[in-house]
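Model, not experiment: these values are computed from the prediction. Labels below follow one simple rule: chain letters A, B, ... track the order of the sequence lines, proteins then strands, and each chain is numbered from 1.
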Amino acid sequence: MNSGILATRYCGVSIENPFLLASSPAAMHYDAIARALEAGFAGVVFKTMKMQPAQGHPRLSAERNPFGHIEGLSCLGCTYKETYQTGLSILQRLKETFTHKLIAASIVADVPEEWATLAAACARAGVDLIECNLSSRHYGCPDWAANRGALAAECVAAAATAGLPLSVKLAADSTSLFPVAQAARRAGATGAAAINVMKSIPSMDLERKICPPLTGSLGMPSGYSGHAIKPLGLRSVFDLSTNPNLQGMSLCGVGGIENWQDAADYLLLGCECVQLCTAVLQYGSRVVQPLLRGLADHLCREGSTLAGFIGSALPNMRADIIPLAKRLPVADRWECIGCGRCYVSCRDGGAAALDWDSQKRKPLLRAKDCIGCGLCAAVCPVDAIQMAE
Amino acid sequence: MLDIDTKVQILMRQAYSQCLLCHEPPCTAACPLGCDPASMLLCLRAGDEGTAVRLAHAAETEALYACGGECMQACVRRKMGAPVNIKPVHLALRGEECPQ
C-alpha cells in the first residue's frame, strides 16, 4: 500500500490516510483499537470519557432492509464505562506502540472546570488531539442546542487551556450546528467532526407499545447511525464547508460511511478526513482495507492527490436553489424489461406523461406533458431510463 | 406476524422483496388456477399478511402442487436472470413446504 498518496491532515496533525476510527464502542478496548490500527486505520478517537464512569449499559437495535442488511443502528449509548484514568492509560499505551498513528481522546463534562481537568489529563497522557463531544446524547450530558453555543464556548475554552489541538463533534441539528461550531471555533477549536448520531425513534413495537432499543417496559428515544444518515452528514459538512464564518476549519466527515465512495463524498465536500463507526460495528475493522485500496485506486485513475481531491466539488456546488430547466427521460428500450413501474409512478405520482402499450409492455412518453422530474428513472429497477439535460 | 419459522420468514421476505410489482402483472394473467400472485406479493410488501394468506388459499392444495409454475414462467424478473420464487412463497403462506 502506497500510503503517501492518501496522506492528509486533521487539525494540522499529519495522518497517513483519511480513515479514523470514530469515538464509539469500537474504540474503547486496547486490543480492538490495536487491530483496527494494524488493519490500516490512520488513527482513533477514543470512546467519550467523562469525569465519572457512565451509569447504565448501552443497547443497540438494527433497522434492516428486506434483504437483511442493516440500514441504520439505533443506540442508547453511554459514555466510557471505566474511569477516565483507565481510558487515558490505554491511550498512552496506544501512543507508545503506534507512534505514527493519530491517537485522540473524546471528552465531555458538565462544567468548564471539569473540561479543563480532563483536557489537562489528556495532555499528560500524550494524546495528539482532543475531540470535544458537543453533541453527546448520552445520559446526563448537557443540552448543546440550548443557549446558542454559549455553553459550548465555555467548555471549549476550558479544554483549550491544555494546549492540544481541539476539534468539536457536532450534531446534524439545525439549531446547534452553526452556533456550536462558531462558538467552539472562537474558543479555540480548529476542527470539527460531523455528524454525531441523529436523534431518533426508529420504529415502534406494536404489542408492547414502546420503541426499540427495548428497555423492559420503557421506551427511550435513541441515536441513529449507519448508512441511513449519510445524506444528513453530507449536507451538514457542506453547510460547514460553505459557512463564511467557519473558513479554514479542518473538517472530518462522519456518518454512514460503508465504502470508499461514501468516504469520497465527504472528502469532495471539503473534509480532510473521515471517521467510521457503524461499518466497523457491523463488519469489523477489516473493512478499512477495501476503503484504502478503493480510494487510492480512484486517485491514481483520476491522476490527483488526496490534497487536490479534498473539497474539489465545492466550486461546483451552490447553496441556494434556482429554477431548473426541464429535462426529458430517455429510455433504453433494449434494457427495458417491461415491468411498467415508470408508468404507474408517473400516472399516480408524477405528471401522468407516460402511456402504456399493453401489448409490447413498454412505456411511451408524451414529451409535452413531462415535467422532467425523473421519478420514472428513479423507480426503474434496471436503470433503463436516463434523464437528458 | 405469520405463524411460521423465523428462518422461513426471512427467506420469504428476501424472495417477495425481489418482486418488481409490475403493472398489468403477467404472473397473475398466467395463472391457470385463477390465483392472484401479484396482489399477494404486493400485500406482503405493504405488510398486509392477512390478505396475502387469504389470497394464498384461493386454490386447492393439490392443484397448487400440480401446477406448472406458470406465474414464474411469466415473471418479468426472468429478464434480469431469474424469476421471483413465487411458488415457494405461495406455499409458505399456506404453511406448507415447497416440494423441491
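- In this structure, chain B has a heavy atom under 4.5 Å from the side chain of A:Arg347, while its backbone stays farther away.
- A:Ile337 and B:Val76 make their closest contact through O-CG1, 3.2 Å (heavy atoms, listed as atom of the first residue, atom of the second, distance).
- The aromatic rings of B:His23 and A:Tyr343 sit tilted relative to each other, their planes meeting at an angle between 30° and 60°.
- Within a 6.0 Å radius of CZ in A:Arg327, other residues, nucleotides and ligands contribute more than 12 heavy atoms.
- Atom NZ of B:Lys7 sits in a sparse spot, with 12 or fewer heavy atoms from other residues, nucleotides or ligands closer than 6.0 Å.
- Between B:Cys22 and A:Arg361, the shortest heavy-atom distance links the atoms CB-NH2, 3.8 Å.
- Taking a 6.0 Å sphere around CZ of A:Arg286, one finds it holds 12 or fewer heavy atoms contributed by other residues, nucleotides or ligands.
- Of all non-hydrogen atoms in B:Leu21 and A:Arg341, the two that sit nearest each other are O-CD, 3.3 Å.
- Taking CD from A:Glu335 and CE from B:Met80, the interatomic distance works out to 10.0 Å, rounded to the nearest 0.5 Å.
- Here the side chain of B:Arg13 pairs no donor or acceptor atom with the backbone of A:Gly68 at under 3.5 angstrom.
- Nearest heavy-atom pair, A:Trp356 versus B:Glu24, reported as atom, atom and distance to 0.1 Å: NE1-OE1, 2.9 Å.
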